[in-house]
Each structure stands twice: as C-alpha cells, then as structure tokens.
Trainee: 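I am attaching a structure below and will ask some questions about it afterwards.
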Number of protein chains: 2
Amino acid sequence: MPYTYEYPRPSVTVDCVVFGFDDKEPDLKVLLIQRAADPYKDCWALPGGFVDMDEPVETAAMRELEEETGLTDVFLEQLYTFGNPGRDPRGRVISVAYYALIAPADKQITAASDAQNVHWFSVNHLPPLAFDHDLILQTGLQRIRGKVSYQPIGFELLPEKFPLSALQKLYETVLETPLDKRNFRKKILSMGILKELDEFQQDVSHRAARLYSFDKAKYEQMVKEGFYFELKEQRSRETARKKLNPKG
Amino acid sequence: MPYTYEYPRPSVTVDCVVFGFDDKEPDLKVLLIQRAADPYKDCWALPGGFVDMDEPVETAAMRELEEETGLTDVFLEQLYTFGNPGRDPRGRVISVAYYALIAPADKQITAASDAQNVHWFSVNHLPPLAFDHDLILQTGLQRIRGKVSYQPIGFELLPEKFPLSALQKLYETVLETPLDKRNFRKKILSMGILKELDEFQQDVSHRAARLYSFDKAKYEQMVKEGFYFELKEQRSRETARKKLNPKG
DNA sequence: ATGGCTTTGTGTATTGCATACACTTTAACA
DNA sequence: TGTTAAAGTGTATGCAATACACAAAGCCAT
C-alpha cells in the first residue's frame, strides 16, 4: 500500500455511453458490457474504468473503451461528471462520463478485459444497470436529443455513405417524431453540406436510393462564414396555433 | 499521513466561473479572487477548492463559492471537467468546473477564506489567471453564449425587476450583436413569459421605463406543453441572401 | 416655463421560410 | 408482366422574421 496522502482522496473513473443507430430496425442502441468482476459481477454496465495518473481523462475514456469493447477512432465527447457519495459501494468514486457515437455497421465489437460480454441494447429495452449507470445513460440520451438539432453530430451515427432515408430515419428516431419526406430532403439538401455521390444502394429489393456523404470540410468552412446548422422537430400549424390561442 | 491506498489517486477540486452583467457599462463580468496562498500566490483565479469526501460535487462548488466570495443561492450548473496531467503544479488534480449566473446588484461580495481579494472583471479585460483557469473561463463563456439563445438563463443575470432595455442590452452583450428594439420587444412579449409590473424605473434622468419580471412558473408550465424558448442573433436579409448566392 | 436632451414605446409593409400534401418512377422478385 | 416497396419530386399557403421612423414622456438647465 505505497500511496499515502495527507488528506483522503476519491478515486476517479471514466464511463462511456456508446450510441449506435441501426436504420433497419430502426432504433437507437447503446453498447453495454457484462461485468466480469465484483462489484455488480454479471450485471450490465457502461464500459469504463479507472483513470491512470499520467493520462488525460479523455484518453482514459478512449483506452477503456478499446480495452473492453475493441472500439477505436470513435467520436467521443465529455458528457457530465457524476460524483455523489454512495454511487459506488467501493467508496468515493467520481466518474467523468463521455458519450460516443458510432455507426455499428462500420465497427467490430469484441468483449475483452474485465468485460465477459458486450452487447447492443435498444434504449427502449434496457436491462438493469450497475451503479448509477442508468442515470448516466439517460443523461447521455438527453444530451444527444438536445444536440442533434443544432450540430450535425447525427452523421457520426451513420456509415460514411448513406441514403437520405437513413438520415431521415435517424432524425425521426432520435427526435421521436415523424418528419415529412419532401420537406426533410429540401431542407437538408439546401444546406449544402452533403456530397451527392454517383453511387446507389446495393442488394435492396426495390428501387436503389442514391448515396450521400457528409462534407465535413465544407460544413466547417460554412460555419466560419456564419452558417448555422439547424434541423429540428417540425412544429405543426396545429401546435403553433394552440400556442397563441389555447382555446382552439 | 493517515490516508493510504493501493493505487495512486488524483485530487479532485471544483472551480466556479461566476458571470455577472452590468447594464450600465454594459458588459459581461466574471468574479475572480486573488489567491492568498501558494501556488500562484497573489495571482487572480476562479473561486474553488477541494471536494470533501462526504459531499456531492455540486455542494462542494456552492460551499467554496460561499467561503471565498460570500455568495449563496446562485444559479449554478456543471460546465466541464478539466483533468489534464500538469494543469496543477501540486500534482494530478482533476477539477470539475461549474458556472454561476448572478445579478451583481442583488448580491453582496466579500473576500474571505483563502481569497485575499475578490473583484469583478470584464470578460474583455482579464488579468493573467492561475492554473488553466483562462481555459475554463473561456469554456464557460462559450457555454453561456451557446445557451442563452435556447434557454431563458439570461434572466439569472438580471435583478428580479428589470426594464426591457436591460434585457435587450444583455442579449446584445452576450451575443455580441445589435438587436432591433421593436422586433426584440415584440418577440419577447409575444412569448408570454414576462410579467408586466405596475412599477417603473426610479432615479433616471429621462422617461422611466416600465419594469417586468420573469414568470418562471408560467415558463415551466409552457415548456411542459411544448413551448420552445428561442431568442437568437437576428440574421439579416443580407446574410441570408449571401448564403444562397455567395456572389451577391 | 420653455426648450433641449435622453430614452421609452409603438405599427406596418415586405419577404422568406416552414408547412401541408400525392403521384410517378424505378427496380426487384414472383 | 404485374405486384410490391421505396425513391424521388413541386407548389400553394400562411406565419413569422425583418426592416424601418417618429411621437410621447420626463428630467434638467436656463
């Protein structure tokens, strides 16, 4: 026990809420691991672990994610720090949570390290989770729901090349609202941040859709010039009217 | 040195970016303390300190804020966690940063604890800061710039009763853009989240403006019913036209 | 009291964008 | 070849954002 301090110190961990989108189902999924060790042995949990003394916190998140699930090169952003006393039976543990967005089809998942199992779960059918991981997960869900409308992070959940219908389904799923096809296409295309490809869907039993890709360089250029991404839930005229005159 | 652990542990601190608004100047201010102890003795810094083992992190932020500046009952939200190795010369210190919004006129400030001095600084005229506090402060600034447009947090920076011109100046200051008076008033009043008071400015050497207050209960009710606060930088027709046809 | 100064407070015409809405085209497969 | 499934496309309407200027109020100095 060589590490001695004048005052007590908490442990610091990282946890990752990894979101994935499947446009076949379609629903929003979260990657969970089944714990191989106590506490909460056999319970499902977010991938994560202790921060090393000489690594940045975000690096720790990426390292733990790779160790436990095999994932590398993912979009990763800090979510929130959870540090209530009592959230971990081992003592005072403060956890810096991150959220990641990946296109499951693009990435291979492998259980490793102290995960005995890794699995995608729909956010609507989650198992009981270890620690306060359900709170962390719900916080992540709120975050991406709030964020997709104002930042083009949704593209991180799609493969590099995708049909417009997949993008629309993604937005419909995350925002939990149907969108009008013509209006959606008109709006996203008018932004000019998509590259129209000369490629089409393969192996579909109906007319193949044209594929697009997100033009990140152009998007960043446009942001510099004052462009403002916005792709929100459509507010119907009904709703708008009610706002002004609640009696109908 | 009674605290001994099997693995090394970082220290965990909190830091607070306290924003205030002065509609006389008008500019956005930040509350800084002058450190009474090493490291960075005499240097200006964000109020903050170590998290106790048995208190929630947010409680630590409120406690340190009160100890060092005398402030209580302020709007406080978590901002971001800064934990790069090397950010503190005392060793590995991970800091959970919060930001606070207050109306300086409503609150009394008092230097105490290990602050030898407390002072409001304009965000445009900051002294050199201790640790990575400039990074934290800029992160806070970005956060409120991004957030005022979509959440009515601006009211936290005004006294309870305020004239519309103060609200407008606040938005102009935070968004760094002029706003049209008639359009601003039309929009904010049409939202129905302001209570029109039967009180007027006192001691002004011109026509006294009517005072308003933010109707928080009504706002929260409206949010439940699907209301969506939005008060953004106005995009001129010029700008909008350039977007579609860059050549003019 | 009068005129000057400062800030409040108000209305309308125009334009652009969001919305609502349905049918034809394409391609695979039976 | 016709059945099925999804892709792809245009327009009319209405609301909301914008641009814009002057009269009213109240204090102050003369």
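Predicted, not measured: the structure shown is a model, and the values here were computed from it. First the proteins, then the strands, lettered A, B, ... as listed; each starts at 1.
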Trainee: Identify whether any heavy atom of A:Lys186 sits under 4.0 Å from a base atom; if not, whether one sits that close to sugar-phosphate; answer base, sugar-phosphate or nothing.
Mentor: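 Base: the residue A:Lys186, judged by heavy atoms under 4.0 Å, touches a nucleobase.
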Trainee: Is the B:Tyr150 ring parallel, tilted or perpendicular to the A:Tyr228 ring (thresholds 30°, 60°)?
Mentor: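 B:Tyr150 and A:Tyr228: parallel rings.
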Trainee: Pick the nucleotide of DNA chain C nearest each of A:Val204 and B:Asn183; which residue has the one closer to the 5' end?
Mentor: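 In this pair, the answer is B:Asn183.
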Trainee: Find the distance A:Arg185:CZ to D:dA7:P and express it as a whole number of Å.
Mentor: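 Checked: the CZ to P distance equals 7 Å.
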Trainee: Is B:Arg207 side chain donor-acceptor paired with the C:dT8 base, going by distance under 3.5 Å alone?
Mentor: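 Per atom types, the contact qualifies.
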Trainee: When the distance from CZ of A:Phe200 to C1' of D:dG8 is rounded to whole Å, what number comes out?
Mentor: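 Checked: the CZ to C1' distance equals 11 Å.
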Trainee: Tell me whether the OP1 or OP2 atom of C:dA18 has a side-chain N or O from A:Lys187 closer than 4.0 Å.
Mentor: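 Answer is yes, contact under 4.0 Å.
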Trainee: What is the separation between atom CG on B:Leu189 and atom P on D:dA17, rounded to the nearest whole Å?
Mentor: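 It works out to 14 Å between those atoms.
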Trainee: Is the shortest side-chain N to carboxylate O distance from A:Lys147 to A:Glu77 below 4.0 Å?
Mentor: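 Looking at A:Glu77 together with A:Lys147, the answer is yes, because their closest N to O distance falls below 4.0 Å.
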Trainee: Between C:dC21 atom P and A:Gln234 atom CD, what is the distance in whole Å?
Mentor: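 Atom CD in A:Gln234 sits about 12 Å away from atom P in C:dC21.
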Trainee: If you look at every strand shown and take non-hydrogen atoms under 4.0 Å, does A:Arg210 touch a base, only sugar-phosphate, or nothing?
Mentor: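 Counting heavy atoms under 4.0 Å across all strands, the contact made by A:Arg210 is with sugar-phosphate only.
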Trainee: Measuring from atom CD of A:Glu25 to atom NZ of A:Lys169, what distance do you get when rounded to the nearest 0.5 angstrom?
Mentor: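 Rounded to the nearest 0.5 Å, the CD-NZ separation comes to 11.5 Å.
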Trainee: State, without any angle test, whether A:Gln142 and A:Gln138 hold a side-chain donor-acceptor pair at a distance under 3.5 Å.
Mentor: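 Checked: A:Gln142/A:Gln138 side chains show no N/O donor-acceptor pair below 3.5 Å.
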Trainee: Classify the angle between the aromatic ring planes of B:Tyr219 and B:Phe214 as parallel (below 30°), tilted (30 to 60°) or perpendicular (above 60°).
Mentor: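 B:Tyr219 vs B:Phe214 ring planes: tilted.
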Trainee: Is A:Arg182 side chain donor-acceptor paired with the D:dA7 base, going by distance under 3.5 Å alone?
Mentor: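 Per atom types, no contact qualifies.
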Trainee: Separation of B:Ile188 atom CD1 from D:dA16 atom C1', in whole Å?
Mentor: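 Atom CD1 in B:Ile188 sits about 16 Å away from atom C1' in D:dA16.
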Trainee: Would you kindly give the NE2-to-P distance between A:His206 and D:dG8, to the nearest whole Å?
Mentor: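 Whole-Å distance recorded here is 10 Å.
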Trainee: Round to a whole Å and report the spacing from CD of A:Gln168 to C1' of D:dG8.
Mentor: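 From A:Gln168 CD to D:dG8 C1': 12 Å.
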Trainee: Which of the following nucleotides, D:dA7, C:dT8, D:dA17, is nearest to the side chain of B:Ser165?
Mentor: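 Looking only at heavy atoms from C-beta outward on B:Ser165, the closest nucleotide is C:dT8.
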Trainee: Could you pick out which residue, A:Asp180 or A:Lys169, lies toward the 5' side of DNA chain D when each is mapped onto its nearest nucleotide?
Mentor: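 The answer here is A:Lys169.
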Trainee: When you get a sec, tell me which of D:dC20, D:dG8, D:dG10 is the closest nucleotide to the side chain of A:Lys181?
Mentor: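 My answer, after comparing the listed nucleotides, is D:dG8.
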Trainee: Quickly work out the B:Gln201 CD to C:dT7 C1' distance and round it to whole Å.
Mentor: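 About 9 Å, once rounded to whole Å.
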